[in-house]
Amino acid sequence: MPKLTLSVNGQPRTIDCANATLLVEAIREHLGLTGTHVGCDSSQCGACTVHVDGRSVKSCTMLAVEAEGAAITTIEGLATGNDLHPMQAAFKEHHGLQCGFCTPGMVMSACDLAARNPAPSEGEVRHWLEGNLCRCTGYHNIVKAVRAGAGDMNGGK
Amino acid sequence: MKDFEFHRPASIKHAVALVAGTAGAKYLAGGQSLLPVMKLDLAEPTALVSLARLPGLADIRVDGGTVAIGALCTHDQVARSADVAKAIPALAELASHIGDAQVRNRGTLGGSVAHADPAADYPAAVLGLGATIVTDRGRHPADTYFKGLFETSLADGELVTAVHFPVPKRAAYAKFAHRASKYAVVGVFVAETAAGVRVAITGAGATVFRSAAMEAALTTSMTPGALDGITVPTDDLNADAEASAEYRAHLCVVMAKRAVAALR
């Protein structure tokens, strides 16, 4: 099987996988990083969102071989030890989750937004999160959390 | 998904030769259309030829009256381009509403135009502006490019390298989006160009099409009210769980009016 070399959460990793392996399968099944979730498996729900070279992508709609040489960040790569990333802390603080299934994707997507737009408006957050579906809470507290987290990431805490 | 060979050539020439020389091979750009159909086994390519390492296909150039966009430009890149926003704001706006943020980070202009999904957004701008599709071996005018359902005038193995959009006097795009996928249930692109008024409708039929009736009405008066009383024939319109042909016909006029009201 083809060998694939990439960086995952700052660590160099090598994977043996078929060309038809999806990035999310490589992350979950080959690397054992199960924080990245598979919800719809059809590019709609965003639970599988990870960063590829800093950009949020749906890892169910990218081949692992396309990530050859890329830097991948998953939800496991955000916290520093026991210290939550500011966006994770904001989701906790503002009750931006209930069951938590969509949360890793929401957080990864939100971090991409915050990196581009340090102070997104409510409308900008809602537009940005169109690719992340939550079936528990509605989006009100998620939007609050993202706005607070973006502020904390960009000069806050 | 069935397994396949994977190639990552570094030149257009090599990419074209790989596809020409491998039965069942397909180009892979951002994969946001191709990978979903492969996951459903609706496409089973024997080999994928990745375009990711081809040089010079991700540039945006504004030159006089033309915006030339490389085939590998992502929707996000077009949406955030100050040059595109200045020359053809409707095009940047359209790109910013394709799919969602993650899809826009991967999906490309060339991929969208080559795939020719009946509900894709870009075909509306390509036809609405009378753009030219540039390939490794020639040029295709938009008016004869979109042939039918997922069907274009591209030859087997022909590679889209850029799309050249003429700058209009004014243009706007209005779409009624599917709630989850953000594909156009109906999307209408209206442009006031040097060659006259153009109205292109996506999502409604097997492929994007122009509305001669709307163009004539808007040539007389470029106002939303000019479209009052126009009916779109339902015979060739799509009908699915999302919307009946009659509903889509209604949306064509409503979206066209909204586009006219938003012209800039």
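If you're wondering where the values come from, they're calculated on a predicted model, not measured in any experiment. We name chains A, B, ... by the order of the sequence lines, and we start the count at 1 in each one.
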Please flag which part of A:C40 lies under 4.5 Å from any non-hydrogen atom of chain B: side chain, backbone, both or neither.
neither

Where do B:K39 and A:D41 come nearest, in terms of heavy atoms and distance?
NZ-OD1, 2.8 Å

Return yes when atom CZ of A:R126 has more than 12 non-hydrogen atoms of other residues, nucleotides or ligands closer than 6.0 Å, and no otherwise.
yes

Interatomic distance, NZ@A:K58 vs CG@B:D100, rounded to 0.5 Å, equals 3.5 Å

Ignoring hydrogens, what is the shortest heavy-atom contact between A:A18 and B:D3? Give both atom names and the distance.
CB-OD2, 3.7 Å

Can you tell me which portion of B:L40 sits under 4.5 Å from chain A's heavy atoms? Options are side chain, backbone, both or neither.
neither

Please identify, among B:K182, B:E5, B:M38, the residue contributing the most non-hydrogen atom pairs under 4.5 Å to chain A.
B:K182

Measure the shortest side-chain to side-chain distance between B:L48 and A:L63 over non-hydrogen atoms and say whether it is less than 4.5 angstrom.
yes

Under a 4.5 Å heavy-atom cut-off, does chain A meet the side chain of B:R179, its backbone, both or neither?
neither

So which part of B:S181 gets closer than 4.5 Å to some heavy atom of chain A, the side chain, the backbone, both or neither?
both

Do A:E66 and B:R106 sit within salt-bridge range, that is, some charged N less than 4.0 Å from a carboxylate O?
yes

For B:A52, is it the side chain, the backbone, both, or neither that has a heavy atom closer than 4.5 Å to a heavy atom of chain A?
neither

Check whether any side-chain N or O of B:N105 sits under 3.5 Å from a backbone N or O of A:V57 as a donor-acceptor pair, and report yes or no.
no

Flag, side chain of A:H127 to backbone of B:A101, donor-acceptor distance under 3.5 Å:
no

For B:Q102 and A:T49, does a side-chain donor sit closer than 3.5 Å to a side-chain acceptor?
yes

Tell me the closest heavy-atom pair linking A:A20 and B:K2, and the distance in Å.
CB-O, 3.7 Å

Test side chain to side chain contact (heavy atoms under 4.5 Å, CB included) applied to A:L22 and B:M1, step by step:
CA-CA 9 Å; A:L22 298 171; B:M1 186 160 50; 3.7 Å; yes

If you count the non-hydrogen atoms of other residues, nucleotides and ligands that lie under 6.0 Å from CZ in B:R258, is the total more than 12?
no

Nearest heavy atoms of A:T61 and B:L35, plus distance in Å
O-CD1, 3.5 Å

Non-hydrogen side-chain atoms of A:M62 and B:Q32 separated by less than 4.5 Å
no

